[in-house]
Amino acid sequence: GKNVYEKSVDPATRAMLLEADRAGIETAWDRFEKQQPQCGFGQLGVCCRNCNMGPCRIDPFGEGADKGVCGATADIIVARNLLRMIAAGAAAHSDHARDAVLAFKKMAEGKAQSYQIKDEAKLNALASEYNISTEDRSPEEVAFDLANILLSEFGKQTGPIQFTRRAPAKRQKVWEAAGIDPRGVDREIVECMHRTHIGVDNDPVHILLHGLRTSISDGWGGSMIATDVQDVLFGTPTPVVSESNLGVLKEDEVNIIVHGHEPILSEMIVAAAEDPDMIALAKKMGAKGISVAGMCCTGNEVLMRHGVATAGNFLQQELAVITGAVEAMVVDVQCIMPALGNLSGCYHTKFISTSPKADFPGAVRMEYHEEKALETAREIIKTAVENYPNRDRARVNIPKEKSACMVGFSAEAILGALGGTPQPLIDAIVSGAVKGVGAVVGCNNPKVQHDYGHVNLVRELIKNDVLVVTTGCNAIACAKAGLLRPEAAKEAGSGLRAVCESLGVPPVLHMGSCVDISRILVLAAALANHLGVDISDLPAAGAAPEWMSEKAVSIGAYVVASGVYTVLGTVPPVLGSSEVTNVLTKGVGGVVGATFAVEPDPFKAADLMIDHIQEKRKGLGLKS
Ligand code: NFS
């Protein structure tokens with residue numbers, strides 16, 4: 001197998017992988033190795049299990065079966081499978097959004113006392129977007145109306161979804177012309193499942209167009225709703241300084257990790273951890289205090305809003321437990337490895353699952369409901385604190401690595417830093433000091449060296465004066481590599497460096513969790529509208545160097561559907577169909593003005609993005 005150096009570029013990760021070996025503990029990397037060789041049919045996307053005449057698979061070498069029992073070709077099977085991935089990803093983001101809105105509604109009704117309206121200005125801005133009157137009404141009354149109208153976006157039968165109107169008018173026309181302007185969030189997802197049932201939609205292009213429509217209902221629908229409601233409830237992020245990597249775990253404090261995606265609970269955990277009674281209890285148990293750290297996107301949510309340190313990204317979740325210093329791993333939904341159950345059993349860590357939707361083997365269930373949010377959070381903290389005496393000192397091994405980071409760059413914060421208008425950024429782009437914007441996002445994947453693609457792609461972009469905006473596990477990789485510090489401007493080209501130094505910001509701006517890619521869309525729309533062009537005209541490109549989740553597939557689709565060329569670092573399961581591959585890498589450009597590319601080498605991926613940015617600069621009449 002690979003050695004720890006080949007597995008990750010992150011020193012803390014390498015240290016913990018060595019520790020895992022010493023302790024005889026398996027991780028995702030070991031399980032990945034046991035899966036080798038992975039199924040070639042699956043990799044190409046040519047197996048179909050959508051009905052019980054199958055499973056069917058197409059022979060990629062053209063010698064065996066070239067059709068499934070129903071007659072579906074490789075093109076049909078690959079397209080259908082991709083559509084189901086988009087459906088699952090859009091469902092995950094949008095169902096998260098639904099729960100955020102339901103919590104928001106309960107707050108408005110006075111049924112969820114733990115929550116308040118933290119950003120009234122944003123509440124009012126959203127109300128005016130929806131023509132909800134704010135005059136002579138309490139914020140809660142406004143919030144109640146807003147909650148109901150946001151909830152209706154999910155079940156709408158005819159469009160438009162209101163937030164899609166935030167896209168430039170030209171973009172909306174593109175969607176209408178292609179017949180991919182979404183009608184309702186749930187409707188599009190349900191239709192994916194219907195179309196991919198045996199004997200329904202069997203035209204690959206027609207299937208893929210519905211994939212774009214569904215993904216738009218995620219990016220400009222579900223994800224955007226999640227971001228905005230969470231901002232109203234918990235505050236819109238503003239720049240804040242924090243720390244990242246496993247070194248944020250404390251030798252002498254109760255360590256609680258919040259992992260998953262929904263800030264609805266993690267916000268309460270962060271609040272409850274500051275309760276003097278809880279801190280007193282921790283001291284009674286022999287700890288110096290209580291320390292909360294984040295993981296994955298729920299970590300990003302509390303990092304962005306409160307500067308709560310992040311312990312790491314997706315592939316580090318098991319490693320956190322292996323430090324032997326985590327009293328509780330508290331999870332909600334998404335990107336949580338079921339392996340954590342067994343693993344926690346080998347340590348003193350309590351693996352606590354909280355979502356009514358997500359149970360795990362080996363987890364202690366402490367189900368969480370909005371009505372009693374803070375109460376449940378307190379119980380969880382108490383469980384963690386009381387677990388502190390069970391920590392086995394001999395097995396504690398916290399890597400020392402941690403890096404400072406400046407985070408909290410919501411679209412509002414970025415525009416604020418620019419003086420309330422995108423004009424200074426546009427000026428910098430026009431002058432060529434900043435060549436363009438690169439959006440780098442997405443997961444970790446043991447198929448590739450952990451964080452290698454993330455960090456190298458971003459470094460290469462900033463070196464070439466491309467301002468980077470980041471979310472998700474890429475943002476955490478950048479934080480750990482020191483790229484989210486204002487001093488990282490030294491690694492940027494001279495033009496970008498000067499711009500960052502004058503503003504005191506890093507060359508890589510952390511915009512949040514994966515649902516917060518909606519913030520990137522809002523920023524792109526602001527730039528395009530200010531210039532009077534479409535998003536597809538902007539000198540901008542996207543990338544997901546280490547993606548793995550179905551959510552990432554939906555994201556890739558809506559970023560392309562929004563007009564942004566996107567480079568994937570791991571190969572999607574579509575190569576079994578030359579038609580689907582051609583549509584994604586070429587044909588879709590004629591429909592939405594952007595395409596996908598696949599390039600595992602981050603240096604070559606950066607070149608592709610920079611070339612694209614230069615081409616768009618030329619289109620706008622800007623010098624290269
Ligand atoms: Ni995005 Fe966040 Fe990470 Fe990937 Fe998972 S945590 S929602 S899906 S793995 S970036």
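Starting from 1, each residue takes its place in the sequence as its number. As the structure lists them, so they are numbered: ligands from 1, and atoms in each ligand from 1. A quick note: this is a predicted structure, and the numbers were derived from the prediction, not measured. Both backbone and side-chain heavy atoms feed into the values below; hydrogens, waters and symmetry mates do not.
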- Message: Taking the six-membered ring for Trp, are F409 and H510 closer than 6.0 Å centroid to centroid?
- Response: no
- Query: By residue and atom, what protein N/O/S atoms are less than 2.8 Å from atom 5 (Fe) of ligand 1?
  - Reply: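 N, O, S partners closer than 2.8 Å: C335 SG.
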- Message: Please list, in number order, the atoms of ligand 1 under 4.0 Å from a heavy atom of G442.
- Response: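 Heavy-atom distances to G442 below 4.0 Å select 10 (S).
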Side-chain donor-acceptor contact under 3.5 Å, [X] with [Y]:
| X | Y | value |
| --- | --- | --- |
| S215 | D218 | no |
| R84 | T196 | yes |
| T227 | S518 | yes |

- Task: Please work out whether the ring planes of Y452 and F603 are parallel, tilted or perpendicular, with thresholds of 30° and 60°.
- Result: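 Rings of Y452 and F603: perpendicular, as their planes differ by over 60°.
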- Message: Can you confirm whether K118 is buried at NZ, in the sense that more than 12 heavy atoms of other residues, nucleotides or ligands lie under 6.0 Å from that atom?
- Response: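 Enclosed.
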